[in-house]
Amino acid sequence: MSHMADAYDYRHVEHKWQSQWEHERLYRPRDGDAKPKYYTMEMLPYPSGDLHIGHAKNYTLGDAVARMMRMLGYNVLHPMGWDAFGLPAENAAIARGVDPAAWTAENILNMRRQIRLMGTGYDWSREIATCEPEYYRWNQWLFLRLREHGLAYKREAPVNWCPVDATVLANEQVIDGRCWRCSSLVERRSLSQWFLRITAYADRLLEDLERLDGWPERTRTMQRNWIGRSEGARVRFEVEGLDESIDVFTTRLDTLYGATFLAVAPEHPIVRALSMLVTGEHTAQIQAFAESLQSKSELERTSMMEKRGVFTGAYAINPLSRGRIPIWVTNYVLAEYGSGAVMGVPAHDERDYDFAKRYRLPIEQVIVAEEGGTEAPLRASYVEDGRLIASGDFTGMSSADARAAMAACLAAAGAGEASIGYKLRDWLISRQRYWGTPIPIVYCARCGEVAVPDEQLPVLLPPRNAYEEFLKTPCPRCGEPARRESDTMDTFFESSWYYLRYLDPHNDAAPWALEVARRWMNVDQYIGGAEHAVLHLLYSRFFYKFFHDRGWIAGGDEPFQRLFHQGLVLCDGEKMSKSRGNVVGIDETADRHGIDAMRLFLLYVTPPEETSNWTDEGISGRVRLLNRMWRACDRHLGGSAGSVGSLEERQAPLVDNAEEKALLRAVHAAAKSAVDETLSRRFHYNTTIAKFDELVNLMTAIATKSPQSAALRYAVETLPILIAPFAPHIAEELWERLGQTGSVHLERYLVPDERLLITEEITLVVQVNGKVRARILADARVSEEEAVALALRDPNVRAYLDGKDLRKHIYVPGKLLNLVAA
RNA sequence: GGGGAAGUGGCGGAAUGGCAGACGCAGCCGCCUCAAAAGCGGCCGAGGCAACUCAUGUGGGUUCGACUCCCACCUUCCCCA
């Protein structure tokens, strides 16, 4: 008879089982499986070099969910990969002269080791790395399909330029006017760039948010705001003395008669046309003004600078009032937002009001409040809806009526129409960087812009020192010398469809087969940080809708059925960073506390969506729990090989004393918590692990007093199953020591037995007028009449009822009785 | 400025209309030990000798009963401008 060592040797046990699991490949889903499919994944990491505890929280949660679902009888797909293109590799290459590919490969090697060290059950046979030609080949292929459908195009436009990263950025990557990666203030530059026409899907991206009820409301709101749909009208202003017009978009068409100037962005094409019309002095002033703004960022222009402008010397005609209003070039109108021109209505718009005050432009009120409205001079803009005044035929109408009537009138005159505006702009994907997917386009002097034919894909990323050679290529159409596109793709392109590549990672005829997409999509549960709320998660939805429209996928057109954002991890209340020296590493944690303890701690310390705080004292509590589990099981292990039996035989024993009943109840309460938290997708495993604490406390007490207890034996035999998804190593070790031969991770989870969960005796809480006056031990099935009788026998209750009439009572069966008296 | 989320012991948190503070951390006491660590057992919101009273950011409201629902305010965080 072998006997286990006194102390739980986590280092030995964790290493033993990790090697074993890798060898046995437990976690591959079976394609022909009749069980319902469950596709769960976490956002794939950038291979920065080391896994930190924030990753660990994300993957521990994902792993617990995947293991629970597998044990609940689902055919679980749980893959992992690498978001492997991107700037850090290139910056490391520049700083230290290493090859970005080699640097990335080395990091992947280390981080894959660390993810395995965490005891995670991924299906590694599906692993992808987006920097490999086998992957980015399909990036290029998808890009060409987008281009064929008019969804990828090149144009010259003012774009966000990050001076530090030396590349352009998409709008979503500019946070408060700064680069999302390095926080430098972005500049405006006019460059010819590739865009994806995400705006073509704006309405669907917006409308379908309504159906995404498995997403956090917060994230849906953010996407809604980002898309920024607004109903309004387009109005055409003729330019006096020129055969040109200026379109403006407005949500306040009802204020049209109050327009006293027209404000255009310096980049607006009309500005050049006007030079034929106005004096050289005006032209020079406009040019000087435009130049002063050229490199200024959007943030600087819209909120950091004073509103400034110069009069162009030209006038526009209000299409309804036929009034003549001056055209100004201003810094607060952006060329890329709306049409690059707005009608200035100082009486009813704050920014126009400020501008008009500064340049002494007229302020003409055309809207008054519905009730108590006066025509007294405005001291600030009145921006609410109201009733129209001084608006020709429209005078007296409400704002809403006027908007409709004016839109109809404009449409009849061919001078505008009702129109929808969006804040969302097309996705700029060109990056002036080396370490990314080459855009598969060739520029030929004769044929122009030519797509690289599919059969020539992938366009391989050349070694850095062969770049100039790489750019020279014959035109795929005419064979004459031509030049390749030198820009690479935004890395968000890769991550917009990788969840499909996991399904068919070795397919070399297509990015994925329709058949596997039909079998596995969509992703049942996606877990990742909230920082991608409008980046990755919006781009992915756009791609997936495109795939849907092509018939490349089956089912719905949303990729992620349910989304969960895990919270951050702080260390001793502070954000972890290398400069603070408080980065908690995986290797160190595995060695000092053990992986199971780390996993339990990360799940236990807070609900998963909250920010957690890592402390050494905190994790010591989970180390203690594991040691207590080990000791509580001690006597029952080793010598009892084969006695556990099959699932059917593993029935809870009949016991008659209260302590043992409480133990059986604790076993099933823990199972119930684990199952409920999983199926409700609340994932508050902190409460589940608290149930494990309670269970082990009871086991410990009984193990001392009555080690031969049948209930204790049952708890010992069941514990490994209960904890398997959360602390997979100790679970497997205990399981083996119970004499089991298979893996505990292939077992079915314990089905909570309601009969064991109910208690026979309850504490009936008796209230008088809502305040607790007695706690009475009673049979759980106590009737209402019996409960009242019991309560009225209690001296304290009688004292509080003394001299009062019992008016009524409220009875909550098995819980509470409230006596209402006056 | 607009929108959203949150606020509970010394700390993390539990309770989603029914015993506020489960469970853990820290702390205190005891057992064990030559001693310590570990372990095991107990105590642990405030006031009070006690019966009790007060207590879930603040103030109102709904209800037999509110941490939970509603209104207003304060604070913090997030998003948008």
Side-chain angles (χ1 to χ4, degrees), chain A residues 6-8 175-177 216-228 230 298-299 302-303 332 337 350-351 380-381 383 423 529-531 533-534 565 567-570 572-573 597 600-625 627-628 630-632 634 666 669-670 673 680 682 684-698 700-701 703-705 762-777 795-796 799-800 806-822:
Chain A
D6 285 347
Y8 170 52
I175 313 294
D176 291 336
E217 188 51 50
R218 188 168 49 114
T219 306
R220 292 198 283 171
T221 303
M222 281 166 65
Q223 290 210 354
R224 230 172 257 133
N225 290 341
W226 187 260
I227 294 166
S230 57
E298 198 171 300
L299 181 77
T302 54
S303 52
Y332 74 95
Y337 190 65
E350 283 177 37
R351 293 183 310 169
S381 56
V383 300
K423 193 173 89 82
E531 66 274 18
V534 287
H565 293 309
L568 305 172
V569 185
L570 304 179
D572 293 321
L600 287 176
F601 177 71
L602 289 171
L603 294 171
Y604 180 75
V605 65
T606 43
E609 67 275 18
E610 301 293 331
T611 299
S612 333
N613 190 25
W614 181 275
T615 62
D616 279 353
E617 297 79 47
I619 197 174
S620 70
R622 300 304 86 194
V623 172
R624 251 172 260 174
L625 172 64
N627 287 330
R628 283 161 63 80
W630 190 253
R631 277 193 302 270
D634 195 352
S673 174
S680 71
R682 203 171 74 127
H684 283 197
Y685 293 131
N686 52 324
T687 61
T688 302
I689 294 166
K691 302 280 187 226
F692 295 158
D693 276 319
E694 294 183 59
L695 170 60
V696 174
N697 286 345
L698 290 174
T700 301
T704 318
K705 277 182 270 178
I762 51 115
T763 303
L764 182 72
V765 173
V766 182
Q767 297 180 334
V768 178
N769 291 334
K771 288 197 185 285
V772 179
R773 297 304 178 190
R775 295 184 174 88
I776 301 171
L777 230 49
N796 201 39
Y800 277 92
L806 188 58
R807 292 283 164 84
K808 65 168 176 174
H809 62 264
I810 288 96
Y811 181 59
V812 184
K815 275 187 181 163
L816 174 139
L817 177 71
N818 187 12
L819 301 170
V820 183

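In what follows, chains are A, B, ... by sequence order, proteins preceding strands, each numbered from 1. Given the structure is predicted, the values throughout are model-derived calculations rather than measurements. The figures that follow rest on heavy atoms only: side chains count, while hydrogens, waters and symmetry mates do not.
- If you take CD of A:E610 and P of B:C11, they are 17 Å apart, rounded to a whole angstrom.
- Geometric assessment of A:R773 against the ring of A:Y800 yields a positive cation-pi assignment under the 6.0 Å and 45° thresholds.
- In this structure, A:R624 reaches the B:C25 phosphate: one of its side-chain N or O atoms is under 4.0 Å from OP1 or OP2.
- Side-chain nitrogen and oxygen atoms of A:R628 include none within less than 4.0 Å of the OP1 or OP2 phosphate oxygen of B:A38.
- Across all strands shown, A:R220 has no heavy atoms under 4.0 Å from either base or sugar-phosphate atoms.
- For the OP1/OP2 pair of B:C40 and a distance below 4.0 Å, the side-chain nitrogens and oxygens of A:R631 include at least one atom meeting the criterion.
- With hydrogens and angles ignored, a donor-acceptor pair closer than 3.5 Å exists between the side chain of A:N818 and the base of B:C64.
- Between A:R773 and B:U53 there is a side-chain polar atom (N or O) within less than 4.0 angstrom of OP1 or OP2.
- Taking only side-chain nitrogens and oxygens, A:N686 comes nearer than 4.0 Å to OP1 or OP2 of B:A14.
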Intermediate values then yes/no, side chain to side chain contact (heavy atoms under 4.5 Å, CB included), A:V605 and A:N613: CA-CA 8 Å; A:V605 65; A:N613 190 25; 5.7 Å; no
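- Taking the syn range as angles within 90° of 0, the glycosidic angle of B:G9 is syn.
- Note on A:N697: every side-chain N or O is 4.0 Å or more away from OP1 and OP2 of B:A22.
- Side-chain N/O atoms of A:K771 include none lying less than 4.0 angstrom from OP1 or OP2 on B:C52.
- Taking only side-chain nitrogens and oxygens, A:K815 never comes nearer than 4.0 Å to OP1 or OP2 of B:G18.
- With a 6.0 Å radius and a threshold of 12 heavy atoms from other residues, nucleotides or ligands, A:E350 has its CD atom at or below the threshold.
- The aromatic rings of A:W614 and A:F601 sit perpendicular to each other, their planes meeting at more than 60°, with 30° as the lower class boundary.
- Using a 4.0 Å heavy-atom criterion, one finds that A:R807 contacts no nucleic acid atom at all.
- Side-chain nitrogen and oxygen atoms of A:N796 include at least one within less than 4.0 Å of the OP1 or OP2 phosphate oxygen of B:C52.
- Residue A:Y604 is in base contact, counting any heavy-atom pair closer than 4.0 Å across all strands shown.
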